[in-house]
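Okay, structure first, notes after.
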Amino acid sequence: MSQSLYIYNTLSRKKELFEPLSPPFTGLYVCGPTVYGDAHLGHARPAVTFDLVYRYLKHLGYKVRYVRNITDVGHLESDADEGEDKIAKKARIEQLEPMEVVQYYSDRYHEDMDKLNVLKPSIEPRASGHIIEQIEMARAIFDAGLAYEVNGSVYFDVKKYNESHHYGKLSGRAIEDMQAGSRELDGQGEKRHPADFALWKKASPQHIMRWPSPWGEGFPGWHLECSAMSAKYLGERFDIHGGGMDLLFPHHECEIAQSNAAYGQDAVRYWMHNNMITINGQKMGKSLGNFITLREFFSGSHTALDRAYDPMTIRFFILQAHYRSTLDFSNEALDAAEKGLKRLLQAYETLKHLSPAGSSDTDHSDLAGKCHTALLDDFNSPVAIAHLFDAVRVINAAKDGKTKLNKEDLHNLQQVFHTFLVDIFGLSDTFATQEDQAQQIIEGLMDLILDLREQARRNKDWETSDKLRDRLRQVNIQVKDGKEGASWEYTSDA
RNA sequence: GGUCUCGUGGCCGAGGGGCUAGGCAGAGGUCUGCAAAACCUCCUACAGCGGUUCGAAUCCGCUCGAGACCUCCA
């Protein structure tokens with residue numbers, strides 16, 4: 001395959017030709033969820049975005065190692081603070097163990113991701129499982145003279161680092177500009193400079209997540225895990241690091257500083273950031289309390305939702321916008337996405353049953369090329385999807401006999417639809433019909449059939465009535481006539 | 001306050017100096033026992049004001065508006 005993939009690199013604010021360090025291998029690291037609550041629509045964005053990146057890189061022939069972490073350290077602090085008194089009174093076994101919370105929400109996160117047809121990453125490391133690596137990295141930074149210890153906590157010396165490096169190069173900031181808005185925070189008094197950040201925090205007596213370290217009992221700083229784990233699994237220098245735009249500063253900025261301090265180089269070559277999902281023009285976020293969880297979307301149980309939405313609709317909705325644009329949620333937008341997706345999937349289905357004509361009216365051989373061109377240009381999925389929609393019209397016209405597609409064209413279209421729709425966009429070829437939904441349909445159908453049969457019996461049309469009963473029997477359904485009308489049940493023997 | 005992004009037709013969204021995506025909704029038509037689907041046609045927009053240019057939605061400036069980050073956040 002001769003193709004040039006261009007990726008928008010946040011670092012240079014330009015689209016750059018993607019050239020992996022050691023092809024055909026390539027490393028992709030994405031900041032995963034903090035597991036202390038159910039995933040909301042906002043979490044689906046990076047998951048789907050980088051799922052596309054992962055799938056497409058693989059499609060292009062790269063051997064991708066995709067690492068997406070689970071943050072299960074540190075952030076649980078706030079929860080613990082709130083319930084501190086209550087929890088303290090309970091026996092240890094009655095308390096919620098932090099790892100219980102982690103397990104619970106990790107499992108639910110995975111369920112949600114499976115529904116969205118998001119491929120599992122190659123490695124899904126947890127921060128809590130890499131305490132040693134984080135301590136080692138903090139020590140390396142300390143040894144490099146770019147960190148200092150205060151009362152059992154270790155802070156990154158941003159000011160000193162900034163003398164030899166540019167702290168703020170990713171987010172386009174200057175350290176001088178950052179003081180104005182900073183405010184008093186926990187540990188601020190210990191810091192030499194407001195921009196300094198913790199590599200290791202001393203655990204307060206009440207703090208439940210704690211590990212021994214050279215500086216006493218504590219827990220790793222919030223930015224260290226990604227640096228340590230990406231280095232461990234992808235190397236001190238690797239290709240792509242992704243995440244949401246809201247992580248740009250300070251999280252990713254700090255990662256850059258940590259890598260340079262510890263390893264003397266930028267770890268990441270291409271920084272990718274997905275934009276936010278908005279609701280009424282405002283970012284959907286945990287802190288704003290305006291989020292809708294994925295489970296609520298799937299079940300429709302949220303006051304802002306008119307009804308339930310299929311996971312594939314959510315996925316398609318996200319793919320229909322470019323990952324660097326904000327995406328505005330509304331019921332209307334989701335309705336539109338659902339209808340559009342159905343149209344696409346139906347055309348794919350039609351394609352499978354279409355019989356070839358002797359010749360073709362039009363030429364569609366470049367469809368795959370067009371779609372690739374779009375995706376090679378910074379993963380422009382909406383444009384690729386638009387090309388598929390163009391093909392839908394042709395397919396439907398062929399179905400109506402208004403245009404002709406020969407065997408070759410038909411085969412080509414089938415292939416292109418399968419490749420893009422199923423393999424690359426990860427849109428399953430059938431809507432995930434929930435079992436209860438299927439069950440509802442069956443019951444509706446049976447009501448209908450038994451009603452028709454009842455009519456036939458009243459008309460003494462025994463032929464029809466018996467036919468219905470016998471045919472149902474053939475598909476393992478036994479009709480039972482009773483005084484109150486007919487009922488039915490499944491039988492095991494046909 | 002600092003840094004930055006964006007403002008596209010009823011809605012969602014691409015594009016990004018001349019060739020003016022796509023989806024959804026709406027209108028008309030074809031088809032059809034009815035309905036649905038499908039197909040065809042129509043609705044042709046780029047916040048405002050200036051400037052650069054033969055030519056700007058696209059570049060520059062200003063104004064207005066929205067948003068993000070600066071604090072946990074995907």
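Remember, it's a predicted structure, so these values are computed and weren't measured experimentally. Below, read A as the first sequence line, B as the second, and so on, with proteins coming before strands; counting in each chain starts at 1.
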Counting the atoms with a prime plus P, OP1 and OP2 as sugar-phosphate, which does [X] contact under 4.0 Å by heavy atoms, base, sugar-phosphate, or nothing?
| X | result |
| --- | --- |
| I385(A) | nothing |
| K339(A) | sugar-phosphate |
| M245(A) | nothing |
| I277(A) | base |
| G340(A) | sugar-phosphate |
| H40(A) | base |
| T326(A) | sugar-phosphate |

Taking the same atom, [atom1], in [N] and in [M], what whole-Å distance lies between them?
| N | M | atom1 | value |
| --- | --- | --- | --- |
| U20(B) | U41(B) | P | 15 Å |
| U44(B) | G26(B) | C1' | 15 Å |
| U53(B) | G1(B) | P | 35 Å |
| C72(B) | G67(B) | P | 22 Å |
| G23(B) | U63(B) | P | 40 Å |
| G15(B) | C49(B) | C1' | 25 Å |
| C4(B) | A47(B) | P | 22 Å |
| G10(B) | A27(B) | P | 16 Å |

Distance check needed: [N] [atom2] versus [X] [atom1], whole Å only.
| X | N | atom1 | atom2 | result |
| --- | --- | --- | --- | --- |
| Y109(A) | C73(B) | OH | P | 14 Å |
| E225(A) | C72(B) | CD | P | 13 Å |
| L319(A) | G22(B) | CG | C1' | 14 Å |
| R324(A) | A14(B) | CZ | P | 10 Å |
| L388(A) | A21(B) | CG | P | 18 Å |
| N275(A) | G13(B) | CG | P | 11 Å |
| L170(A) | C4(B) | CG | P | 14 Å |
| E332(A) | G13(B) | CD | P | 12 Å |

Q: Please step through ring-ring contact (aromatic ring centres under 6.0 Å, His included) for the pair H302(A) and F291(A), ending with a clear verdict.
A: CA-CA 10 Å; H302(A) 189 284; F291(A) 62 91; 8.3 Å; no
(Q) As a check on the pairing definition, encode RNA chain B in dot-bracket form, counting Watson-Crick and G-U wobble pairs whose two distances are under 3.5 Å, and using | for partners outside this strand. (A) ((((((((.[[[)....(...]]].(((((.......)))))....[[[[[..)....]]]]])))))))....
**Q.** D157(A) and R192(A) ion-paired at < 4.0 Å
**A.**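 Looking at D157(A) and R192(A), the cut-off is met.
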Q) Taking 4.0 angstrom as the limit, do K283(A) and D246(A) come out as a salt bridge? A)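 Yes, this pair counts.
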Aromatic ring proximity, centroids under 6.0 angstrom, [Y] and [X]:
| X | Y | answer |
| --- | --- | --- |
| H130(A) | Y233(A) | yes |
| H273(A) | H241(A) | no |
| H251(A) | W222(A) | no |
| Y155(A) | H193(A) | no |
| F238(A) | Y270(A) | no |
| Y309(A) | F298(A) | no |

Q) Considering heavy-atom distances to RNA chain B, does F389(A) or P33(A) have its closest nucleotide positioned more toward the 5' end? A)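 First, find each residue's nearest nucleotide; the 5'-ward one identifies F389(A).
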Q. Toward the 5' end of RNA chain B, which comes first, F316(A) or C31(A), by nearest nucleotide?
A.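 Per heavy-atom nearest nucleotide, the more 5' residue is F316(A).
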Q.
Tell me whether the rings of Y348(A) and F417(A) are parallel (<30°), tilted (30 to 60°) or perpendicular (>60°).
A.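 The arrangement is parallel - the two ring planes meet at less than 30°.
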Q: Please state whether the rings of W271(A) and H252(A) are parallel, tilted or perpendicular, taking 30° and 60° as the class boundaries.
A: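 The rings of W271(A) and H252(A) sit tilted, inter-plane angle from 30° to 60°.
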Q) Does a side-chain heavy-atom distance below 4.5 Å link R315(A) with V118(A)? A)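 R315(A) vs V118(A): side chains touch.
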[X], nearest nucleotide to its side chain (from [options]):
| X | options | result |
| --- | --- | --- |
| P382(A) | C70(B), C73(B), G13(B) | G13(B) |
| S287(A) | C72(B), G13(B), C69(B) | C72(B) |
| F249(A) | C73(B), C69(B), A21(B) | C69(B) |
| D328(A) | C69(B), C12(B), C72(B) | C12(B) |
| Q282(A) | C69(B), C24(B), A68(B) | A68(B) |
| T34(A) | C73(B), C12(B), C70(B) | C73(B) |

Q | R173(A) (side chain) and C70(B) (base): donor-acceptor pair under 3.5 Å | A |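 Answer is no: no donor-acceptor pair is held.
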Q | CZ (R269(A)) with more than 12 external heavy atoms under 6.0 Å | A |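 Atom CZ in R269(A) is crowded, with more than 12 foreign heavy atoms closer than 6.0 Å.
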Q) Can you find a side-chain donor-acceptor pair between E225(A) and N69(A) that sits under 3.5 Å? A)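 Their side chains do contain a donor-acceptor pair, which is all the 3.5 Å distance test asks for.
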Q: Give a yes or no answer on whether the side chain of E253(A) reaches the backbone of K169(A) with a donor-acceptor pair at less than 3.5 Å.
A: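 Yes; at least one donor-acceptor contact below 3.5 Å.
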Grab the N/O contacts between the protein and nucleotides 35-42 of chain B below 3.5 Å, and write none if there aren't any.
| unit_1 | atom_1 | unit_2 | atom_2 | d |
| --- | --- | --- | --- | --- |
| A38(B) | O3' | N396(A) | ND2 | 3.1 |
| A38(B) | O2' | D400(A) | OD2 | 2.6 |
| C39(B) | OP1 | N396(A) | ND2 | 3.0 |
| C39(B) | OP2 | R343(A) | NH1 | 3.3 |

Mind listing the N/O atom pairs, protein and nucleotides 15-17 of chain B, below 3.5 Å?
| unit_1 | atom_1 | unit_2 | atom_2 | d |
| --- | --- | --- | --- | --- |
| G15(B) | OP1 | N380(A) | ND2 | 2.7 |

